[in-house]
Amino acid sequence: MNQDYIQPNEWSILEEGFDTQKVKSSESLFSIGNGAMGQRANFEEQYTGETFQGSYIAGVYYPDKTRVGWWKNGYPEYFAKVLNAPNWIGINVQINDENLDLHTCKEVSKFKRELNMKEGWLSRSFEAVLQNGIKIKVDTKRFLSLELDQIGAISYNVTPLNTDAKITYTPYLDAGITNEDTNWDDQFWDVLEVSQNKKQSFIHARTMKTHFYTCTFMQSRVFLEGNEILTDCNSSKTDKTASSSYQQEVKKNQTYTVHKFGGYVVDRIHNKNELVALAKDVLDKAVSFGFDALLETQKQSWAQIWHMSDITITGDVKAQQGIRFNIFQLNQTYLGTDATLNIGPKGFTGEKYGGSTYWDTEAYCIPFYMATKDQSVARSLLEYRYNHLEKAIENAAKLGFTNGAALYPMVTMNGEECHNEWEITFEEIHRNGAIAFAIYNYHRFTNDYTYIPEKGLEVLIGIARFWHQRVNFSTAKNKYVMLGVTGPNEYENNINNNFYTNYIAKWCIDYALENIEIVKTDHISDYIRIKEKVAFTDDELMDWKKVADNMYFPFSEKHNIYLQQDGFLDKELITVADLDKSQRPINQKWSWDRILRSPYIKQADTLQGFYMFEDHFSTEELERHFDFYEPFTVHESSLSPCVHSIQAAKLDRMEQAYEFYLRTSRLDLDDYNHEVEEGLHITSMAGTWMSIVEGFGGMRILNNTLSFAPKIPKGWKSYSFKVNFRGQIITVNVAQNGTVFEIDGNTEINILVNGNIITISPNKLVTV
C-alpha cells in the first residue's frame with residue numbers, strides 16, 4: 001500500500017482535504033465514463049498546478065510511429081495511442097475578474113470529492129479565499145449519461161460568502177490539447193472548423209493519419225438562486241477554441257449556477273458530413289431534458305446495472321468499497337452495446353499501454369461480462385476477434401508464418417499488432433491461447449455452440465496452424481519444444497519452453513482437432529464451407545496431433561513440479577520474503593538485466609496454467625506448484641493477485657486468499673504499485689470479481705453443471721452475488737453459517753454445491 005487517503009464507504013469513493021500532491025492520483029481514481037467516452041477527474045475551472053488532463057473517445061486512436069534504436073524485421077510500424085480528445089468540460093470562473101485557481105488561492109478548506117458509484121456521478125465541493133480576499137463556496141456535479149451516451153452534463157455552483165461579487169462563467173471547448181503519451185510529440189488533431197450558433201459551440205476536427213472525424217460540442221444555461229437567467233452570452237472563438245461568457249452580479253450568500261452540456265459525435269458511428277447537425281440535435285435533446293432530469297435517468301440506468309452485477313459484502317467496508325469500485329469502472333469502460341469496441345487496460349482513465357485490446361479481455365474480462373450481462377455481450381467480444389482474423393494471419397505472415405497461421409496481436413486497435421517492445425511483440429505469443437480459451441470458456445458457460453461452426457472454428461484453425469509452425473523438434477529431448485518466448489511472467493524474456501506457453505499450445509491444437517470433428521459430424525454444411533475456405537487436409541491435422549501428443553514440458557524430479565522454463569532452477573532462488581523491502585517494487589528499483597537474472601515472477605505464469613486448466617491437475621499438484629512459485633512472486637502485474645486469491649481459496653488458505661483479494665480489489669485505491677496517477681488497471685478489475693465468485697464462491701462448470709464450493713473470509717459476516725447462467729439468474733448469499741441459493745424466473749435448475757446435486761426452484765430459498 002502506497003496511499004491511504006480514500007475514505008472507506010460502501011457506495012462512494014471519497015476524498016477529504018485538498019492536497020496538491022494527490023491531484024493526479026485523484027484524477028485517475030475519480031474518472032468517469034459511459035462506454036462511449038470517458039474522462040479523468042480534472043477540475044472544470046483553471047488549475048495551474050501539476051495535472052494530467054485527459055478526455056477520451058472510444059475507438060478513436062492515432063498510429064504513433066514506433067520509436068526504436070534498432071529496427072527488427074516484423075516490428076510493428078506504430079504504437080496505437082489512445083487520444084486525448086478536445087476538452088469540453090472546461091469552465092473558467094472569475095470572481096471580480098480574478099481567476100479561480102485552487103493552486104493560487106490564499107486558502108482552500110472543506111474540500112470534498114465524491115464518486116457516487118450507486119448513481120454514477122462525480123461531485124466536488126470546497127470553500128476558497130482568492131487573492132482578492134473574496135471567500136466563496138463551490139459545489140460541482142457532473143456525469144456522463146448512459147442513456148444519451150454522446151452527452152455529459154455539469155452543474156457548477158458558486159456562492160460568495162463574505163461579500164457581494166461579480167461572477168463570470170466562461171464555458172469553453174479546446175482542441176489545442178496534447179497527449180501525455182507520445183513518441184514524437186506529433187500533433188494528433190487537425191481542426192477543420194470552429195463554429196457557434198446562439199448558445200451552442202462546435203469544433204469539427206479529425207485525427208491525423210487515421211482520419212476519425214469528430215464534433216465536440218457544448219451549450220450552457222445559467223441560474224441565480226435556482227431561477228434560469230435568460231440572457232445572451234458573449235461568444236468568441238479562435239482557430240482551436242470556442243467559448244461563451246456569462247456575467248452576473250451576485251449578492252452575498254446567493255448561488256450562481258451554470259449547467260453545461262457537452263460531448264462528442266464521431267464518424268465511427270455517423271456520417272462525417274452530418275456531425276455538426278447531429279451535435280445540434282443531441283444538444284437540443286439534452287437541454288430539453290435539463291440537468292436534473294438527465295441525472296434522474298442516470299440514476300435509473302445505474303440501478304439496472306447494479307441489480308445484476310452488484311456484489312454485497314457485510315462486515316468489511318474496505319472490501320465492499322473495493323469490489324464495487326472495480327465493477328463500476330468495468331461498466332464505465334465497456335457495456336457491450338458496440339461490437340466494434342473492446343476493453344482497454346486503462347479504459348478512459350489514462351494513456352499508458354496504448355491500444356484498446358490485450359489478452360486481458362479473453363483471460364479475465366469475458367467471465368465477468370458473461371455472468372453479469374446477457375451472453376450476447378460476451379459473444380460480441382468473441383466476434384471482435386473473429387473480425388480481426390485476417391489481420392492476425394497478416395501479423396503471422398510478417399514473421400514468416402504461412403498457410404493461414406494466425407498470430408493475434410498483443411496490443412491492437414484494428415487487428416494489427418501495435419506494441420513496440422520486441423520481447424512482447426515477438427515472444428509473448430501465449431496471447432494466442434487466451435483467444436482460443438475464451439471460445440471454450442464461452443461455450444462451457446453458455447452452452448451456446450453456434451459460435452464455433454459459424455465463426456470460432458476458423459479462429460481455432462488459424463491458431464493451431466501457428467502453434468504447429470512455431471515449435472521445432474528436439475532430437476535431444478525427442479519432443480517438440482518452443483524456443484525464444486516470454487510467458488505471462490514478463491520478468492523472463494527470450495527463454496525456452498515456458499510451461500504455460502507450451503501447455504496452452506498443446507491444448508489449443510487438441511481443442512481445434514476436437515471441434516473439427518464435432519462440426520464435421522453435427523454441422524456438415526459449415527464443415528464443408530470452412531474446409532473449402534481454409535483448405536486444411538487430413539495429413540495436416542495428423543501433423544498437428546503429432547505435435548500436441550509430443551509437446552515437451554520442463555519438469556523437476558527433485559521438486560516434483562513443472563518448471564516455469566528450462567533454466568529456472570539455474571537461478572539464485574531467494575524468496576520475496578528474504579528480499580529487502582527497500583528494493584520493492586523491483587521494476588522501479590532494479591536494472592532490467594538484474595530482473596531477468598532474478599527468480600522473481602511478475603505475475604502468475606505456471607500457476608496461470610493451473611488456473612485455466614484446473615481440471616487437468618489434482619489439488620495436490622496445485623498445492624505443490626503454489627507452494628513453490630508463490631514465494632517468488634512479486635505481484636508487480638495487476639493480473640497476478642486475483643489468480644493467487646482463487647487458488648489460495650481452492651486450497652482452503654482463506655487468510656491468504658483474502659489478502660490477495662484485498663490487494664486486487666484495492667490495487668488502485670491504495671496504489672499498491674505506486675503508479676495510479678497514470679490511470680487505473682481496468683482489465684484486472686475483472687479479476688477482482690473472479691476472486692469472489694470463483695475464489696470464495698467456488699463457481700465452476702463441472703460436467704456441464706453449474707457448481708459452487710462456497711467459503712467465506714473470517715472477518716466477513718456475509719457476501720452475495722448473482723450470475724446469469726444460460727438465461728437463468730441465480731443469487732448466491734454466503735454467510736458464516738451457510739449458503740442460500742435463489743433463482744429468478746419460472747424454471748428450476750440443478751446445481752452442484754460441494755459436489756452434491758441441489759435443485760433450486762423459483763420462489764423458494766434453498767439453504768445449504
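- Looking only at distances, no side-chain donor or acceptor of R113 sits under 3.5 Å from a matching main-chain atom of F30.
- A donor-acceptor pair is defined here as one N or O able to donate and one able to accept, closer than 3.5 Å; such a pair exists between the side chain of D668 and the backbone of H681.
- In this structure, the side chain of S28 does not engage the main chain of L680 through any donor-acceptor pair within 3.5 Å.
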Q) Going through the distances and angles, do Y213 and R206 end up as a side chain to side chain contact (heavy atoms under 4.5 Å, CB included)? A) CA-CA 4 Å; Y213 286 77; R206 70 177 181 183; 2.9 Å; yes
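- Put simply, NZ on K260 and CZ on R142 are 10.0 Å apart, with the number rounded to the nearest 0.5 Å.
- Taking the charged nitrogens against the carboxylate oxygens, R431 and E417 do have a contact shorter than 4.0 Å, which makes a salt bridge.
- Using cut-offs of 30° and 60° on the angle between ring planes, the pair F18 and F111 is tilted.
- Across T210 and Y62, no two heavy atoms sit closer than the pair OG1-CA, 4.4 Å.
- For Y358 and T683, the side-chain atoms include no donor-acceptor pair closer than 3.5 Å.
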Q | Steps toward side chain to side chain contact (heavy atoms under 4.5 Å, CB included) verdict (R324, T312) | A | CA-CA 8 Å; R324 282 187 173 141; T312 66; 3.7 Å; yes
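- Between the side chain of E45 and the main chain of D101, no donor-acceptor pair closer than 3.5 Å is present.
- A donor-acceptor pair is defined here as one N or O able to donate and one able to accept, closer than 3.5 Å; such a pair exists between the side chain of N34 and the backbone of M37.
- To the nearest 0.5 Å, the span separating CH2 on W88 from CG on D174 amounts to 14.0 Å.
- Taking 4.0 Å as the cut-off between side-chain N and carboxylate O, K22 and D671 do not count as a salt-bridged pair.
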Q: Evaluate side chain to side chain contact (heavy atoms under 4.5 Å, CB included) for R124 paired with Y156, printing each intermediate quantity in order.
A: CA-CA 9 Å; R124 184 167 52 102; Y156 199 102; 4.2 Å; yes
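- For the atom pair CG (L669) and CG (N326), the distance works out to 7.5 Å, reported to the nearest 0.5 Å.
- A distance of 8.0 Å separates CD1 of I343 from OG1 of T357, quoted to the nearest 0.5 Å.
- To the nearest 0.5 Å, atom CD of residue Q53 and atom CZ of residue F43 are 13.0 Å apart.
- By the neighbour-count criterion of 12 heavy atoms within 6.0 Å, atom NZ of K352 is densely surrounded, having more than that number from other residues, nucleotides or ligands.
- Under 3.5 Å, the side chains of S201 and Q196 contain a donor-acceptor pair of N or O atoms.
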**Q.** Trace of the side chain to side chain donor-acceptor pair (under 3.5 Å) decision for N414 with E416
**A.** CA-CA 6 Å; N414 64 357; E416 293 179 294; 3.1 Å; yes
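- Side-chain contact between W189 and P86 is present, with at least one heavy-atom pair separated by less than 4.5 Å.
- Scanning both residues, W306 and M117, for their nearest heavy atoms gives NE1-O, 2.8 Å.
- The line from OG1 of T664 to CE of M685 is 9.0 Å long, rounded to the nearest 0.5 Å.
- Partners of E27 under the salt bridge (Lys or Arg N to Asp or Glu O under 4.0 Å) rule, at least two apart in sequence or in another chain, are R40.
- Under the 3.5 Å distance criterion, the side-chain polar atoms of N116 are left unmatched by any main-chain donor or acceptor of S12.
- The shortest non-hydrogen separation linking I203 to T241 is CD1-CA, 4.2 Å.
- Looking at every heavy atom in both residues, S691 comes nearest to Y661 through CB-CD1, 3.9 Å.
- Within 6.0 Å of CD on E180 lie more than 12 heavy atoms contributed by other residues, nucleotides or ligands.
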Q: Determine, stepwise, if the pair S155 / N157 fulfils side chain to side chain donor-acceptor pair (under 3.5 Å).
A: CA-CA 7 Å; S155 175; N157 305 269; 3.3 Å; yes
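- Within 6.0 Å of the NZ atom in K209, the count of heavy atoms belonging to other residues, nucleotides or ligands exceeds 12.
- Residue-environment remark: NE2 (H307) stays at or below the threshold of 12 foreign heavy atoms within 6.0 Å.
- Taking a cutoff of 4.0 Å between a charged side-chain nitrogen and a carboxylate oxygen, R385 and E362 qualify as a salt bridge.
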Q. Given the rule in the side chain to side chain contact (heavy atoms under 4.5 Å, CB included) test, do I151 and F289 qualify, once you have shown the distances and angles that lead to the verdict?
A. CA-CA 12 Å; I151 274 285; F289 265 91; over 6 Å; no
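- With respect to the salt-bridge test (charged N to carboxylate O, under 4.0 angstrom), the residues K141 and E119 do not qualify.
- Judged as a side-chain hydrogen bond (donor to acceptor under 3.5 Å, both in side chains), the pairs with a partner in residues 334-350 (not counting sequence neighbours) are, in order, R268-D338, R268-T340, D338-T340, N342-T361.
- Less than 6.0 angstrom separates the ring centroid of W302 from the ring centroid of F328.
- Taking the six-membered ring where the residue is Trp, the centroids of Y369 and Y442 are separated by 6.0 Å or more.
- Two residues are said to be in side-chain contact when any heavy atoms from C-beta on lie closer than 4.5 Å; M370 and N441 meet this criterion.
- Nearest approach of A686 to Y364, heavy atoms of both residues: CB-O, 3.2 Å.
- Distance alone, capped at 3.5 Å, places no donor-acceptor pair between the Y408 side chain and the A434 backbone.
- Side-chain atoms of K237 come within 3.5 Å of backbone N or O of V194 as a donor-acceptor pair.
- Closest non-hydrogen pair, N395 versus G415, comes out as ND2-O, 3.0 Å.
- Partners of E147 according to the side chain to side chain donor-acceptor pair (under 3.5 Å) rule, which considers only residues two or more places apart in sequence or in another chain, do not exist here.
- Donor-acceptor pairing under 3.5 Å is lacking for the side chains of S640 and S637.
- No donor-acceptor pair under 3.5 Å is formed between the side chain of N673 and the backbone N or O of L667.
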